[in-house]
Amino acid sequence: MLSLFIALQSTSGIIAPWATGALIDGAGNQVDRCNTAFVVIGILCAIGGVVAAFFVDAGRDSAHDAA
């Protein structure tokens, strides 16, 4: 299970630079393009935080680690 989790995390190292480059190449002047990329990344981080808050169960994880 851990190897699957690490493999999924590693794909972000491939996808993120490509997606950021696509956003920066997208539209407008340089400042607007970089602002768009940072806003999209910020929104994705916020969504990830909310998803983690709902799915992470600290009690279950600590009980699993103690066993």
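In this chain, residues are counted from 1 in sequence order.
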(message) Could you report the tightest heavy-atom contact between Arg33 and Asp25, atom names first, then the distance?
(response) CD-C, 4.3 Å

(message) Please check: side-chain N/O of Ser12 versus main-chain N/O of Gln9, any donor-acceptor pairing under 3.5 Å?
(response) yes

(message) If you compare all heavy atoms of Leu8 against all heavy atoms of Thr11, which two are closest, and at what distance to 0.1 Å?
(response) O-OG1, 2.6 Å

Throw together a table of side-chain donor-acceptor distances under 3.5 angstrom for residues 34-54, partners on residues two or more places apart or in other chains.
unit_1, atom_1, unit_2, atom_2, d
Asn35, ND2, Val31, O, 3.4
Thr36, OG1, Asp32, O, 2.8

